[in-house]
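A quick write-up on the structure given underneath.
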Amino acid sequence: MLEISNLALPLDAGLEGKQAEKLVRRAAARALNIPSNDITEIRLLKRSVDARKKHDVHFVATLGVELAGGAQAEAAAIEAVALRKGAANVKAHRPYEPLQVPQVGDSPQAQNEPRPIVVGTGPAGLFCALYLARAGLRPLVVERGAAVDERMAAVDAFNAGEPLDPHTNIQYGEGGAGTFSDGKLTTNIKSPWAQHVLHLFVEAGAPEEILWQAKPHIGTDLLVDVVRNIRKQIEQAGGEVRFNTQLAALHFENGHLTQAEITQPEPVTELIPASRVVLACGHSARDTFELVRDAGVHMEQKPFSVGVRIEHPQQLINRSQYGKAADHPALGAADYKLSMHLRPQKGEEQGRGVYTFCMCPGGEVVCAASEPEGVVVNGMSRFARDGQNANSALLVGVGPEDFDGEDPLAGIKLQREMEQAAYRTAIAAGGEPYQAPAQTVGDFLAHQAGGPSKQVKPTYARGVAWCDLHECLPPFVARAMEQALPQLDRRLHGFADPQAVLTGVETRSSSPVRIVRGKNMQAQLAATSASDCAQVDAEARVQARPGNQVQAVPESSAVAEGQPANVVALEPETGLYPCGEGAGYAGGIMSAACDGLRVASALVESLRPE
């Protein structure tokens, strides 16, 4: 099979039916300079929208093309001719090679150890546990929240006005916070694990189109079934999953993990042997961060971002992005991604990054609180993305210089102060408990409370209280947003429309802490020398950047080539594996799932017989 990349296709080629197939076939034949009849099969490998020129919006595709007879010699000859003519966009297609998981369950070391424990069932925890289970290690997976069906009921109840369940909500429960999101499967890291994540999602019931979409997404409505299926696969492979079960303590002896305490409802506390624990808790597991710190694990403050959700009519975004083509049925709801770096404000040494994050086309702003008397917002879309509004986080970068004190958890204090201020501000404006403070962009820029938008009906399920968001945002965050809104509007016309709605506050964009780990993927105890930690910074840490929430540093050469991680015992082997977004090593579903596989691979490699 030949692969043709960077092939321009008309929008009608994205529709269903014979006419669309004919358009694609004609374009492929033209690129190969052969008759259309010589093509027996065309497979869509990748497709994106090119809307740089509003008068010429079209698709750009990568196609797999099978020639008549399937003769490899003929295909090679055509490829050779194409390359001689300078057609660098034609090459032999390399099919996907499924993930190979080593079997180590019967290895002497695995037999002499307790089964590994995975804490959390977000993307990192689920994919890590799936890998470990298929390696024959029978992992025990613990999740503080409920299974996905019970979780859906708890979220629906809270949206309808019922009291907050602090254990099962949009942040906690099967699937993690990403279950109630747009389900984006894009990432700014280039990981060899990414293709495996996509195929494993499809294996669990996700639509096959995520394999060729340039910006794949699943949507909350489909993610529910997908995460349930991944859990069933873990169990079928020998793993055990316990819901409503929370990590309560970690015990170390001579620098190595020996036991873990878990609690269940009633409450019941169980002390179990543990020599390997994967800590894949999400970014909101604040009490888990406290127990890890108290256990003497080395942690550090980490930059993150805070702000609000901004809502526009989806049609406004469609017109801004696609122009006259906005209503073409092959396009669907448009998205956007904006970022900028501001000049330093008074009293600051450097300017702040302001950017949009987790943009949800045709979506809604969700009630994402996980603690009493705190308001948190996030965004989600269903697979069809057919809602009236578009929403996105509008975030301002914060860092250790903005935190109060040297405690590794100081960033959590900033988050909590904003969330509680949002709760109080909405109440003071006449709102009900857990209603969110909201303000139009025009009123925000004018520093006046104002009233409802004339164009945008807020989608936050518990309702909003119209007020001045300056009352619950840190002054430096509000100032940065004021500076950025008009400038971002120049990049996306209508972004700072006076009737667009801002809903606060968004504080959980990423983890405010990092649990430092070494090249062996294991955490270090605080007693470990600073030089040991410094050796792994360049490879094992992730850095927050404006407009690009997290970017992973290059992995080792073995990992970069798609091979299992080479585990070199340069650091003490504590047995604790920080993993995913909560531990500070990911920034979304895709990067978290990739990190889950990467950590699982390192753990499995350490158990392989020499």
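Every value quoted in this text rests on a predicted model; they were computed, and no experiment measured them.
Nearest heavy-atom pair, L222 versus P207, reported as atom, atom and distance to 0.1 Å: CD1-CG, 3.7 Å.
By the 30° and 60° cut-offs, the orientation of the rings of F495 relative to H312 is tilted.
Applying the 6.0 Å contact sphere to CD of Q448 captures more than 12 heavy atoms from other residues, nucleotides or ligands. Within a 6.0 Å radius of CD in E401, more than 12 heavy atoms belonging to other residues, nucleotides or ligands are found. Within a 6.0 Å sphere centred on CG of D149, heavy atoms belonging to other residues, nucleotides or ligands number more than 12.
Residues S511 and E581 have side chains that never bring a donor and an acceptor to within less than 3.5 angstrom of each other. Defined by atom type and a distance below 3.5 Å, a donor-acceptor pair is missing between the side-chain atoms of Q171 and N378. Between the side chains of H167 and D165, not a single donor N or O lies within less than 3.5 Å of an accepting N or O. A donor-acceptor pair shorter than 3.5 Å cannot be found between the side chains of R309 and T503. At a cut-off of 3.5 Å, with distance as the only test, no side-chain donor of R385 or Q314 sits close to an acceptor on the other residue. In this model, no donor atom of one side chain and acceptor atom of the other lie less than 3.5 Å apart for Q233 and N229. In the model, N391 has no side-chain atom that pairs as donor or acceptor with a side-chain atom of E311 under 3.5 Å. A donor-acceptor contact under 3.5 angstrom links the side chains of E143 and T121, judged on distance only.
With sequence neighbours left out, D386 forms a salt bridge (charged side-chain N to carboxylate O under 4.0 Å, His left out) with no residue at all.
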Start with the C-alpha distance between D407 and R293, add both sets of side-chain angles, then the distance that settles salt bridge (charged side-chain N to carboxylate O under 4.0 Å, His left out), and finish with yes or no.
CA-CA 10 Å; D407 187 332; R293 177 197 59 189; 2.9 Å; yes
(Q) Applying side-chain contact (heavy atoms from CB on, under 4.5 Å) to H493 and R319, what does each step give before you reach the verdict? (A) CA-CA 9 Å; H493 180 67; R319 290 194 299 270; over 6 Å; no
*asked:* The test is salt bridge (charged side-chain N to carboxylate O under 4.0 Å, His left out); show your working for E373 and R424 and say whether it passes.
replied: CA-CA 8 Å; E373 298 187 357; R424 293 192 304 269; over 6 Å; no
**Prompt:** Step by step, would you call F304 with F403 a ring-ring contact (aromatic ring centres under 6.0 Å, His included)?
**Reply:** CA-CA 11 Å; F304 61 105; F403 304 161; 5.6 Å; yes
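Atoms CE and CG, from M359 and D335 in turn, are 6.0 Å apart once rounded to the nearest 0.5 Å. Rounding to the nearest 0.5 Å places CZ of R491 at 5.0 Å from CE of M340. We find the SG-OH distance between C367 and Y460 to be 4.0 Å, quoted to the nearest 0.5 Å.
Looking only at distances, a side-chain donor or acceptor of Q415 sits under 3.5 Å from a matching main-chain atom of T507.
Looking at D182 and R382, no side-chain N of the basic residue comes within less than 4.0 Å of a carboxylate O on the acidic one, giving no salt bridge.
Two rings, from Y172 and F243, have their centers 6.0 Å or more apart.
Of the listed residues (R151, R231, R144), just one forms a salt bridge (charged side-chain N to carboxylate O under 4.0 Å, His left out) with E174, and that residue is R231.
Among residue pairs with one or both ends in residues 363-402, those qualifying as ring pair (Phe, Tyr, Trp, His ring centres under 6.0 Å) are H217-F383; sequence neighbours excluded.
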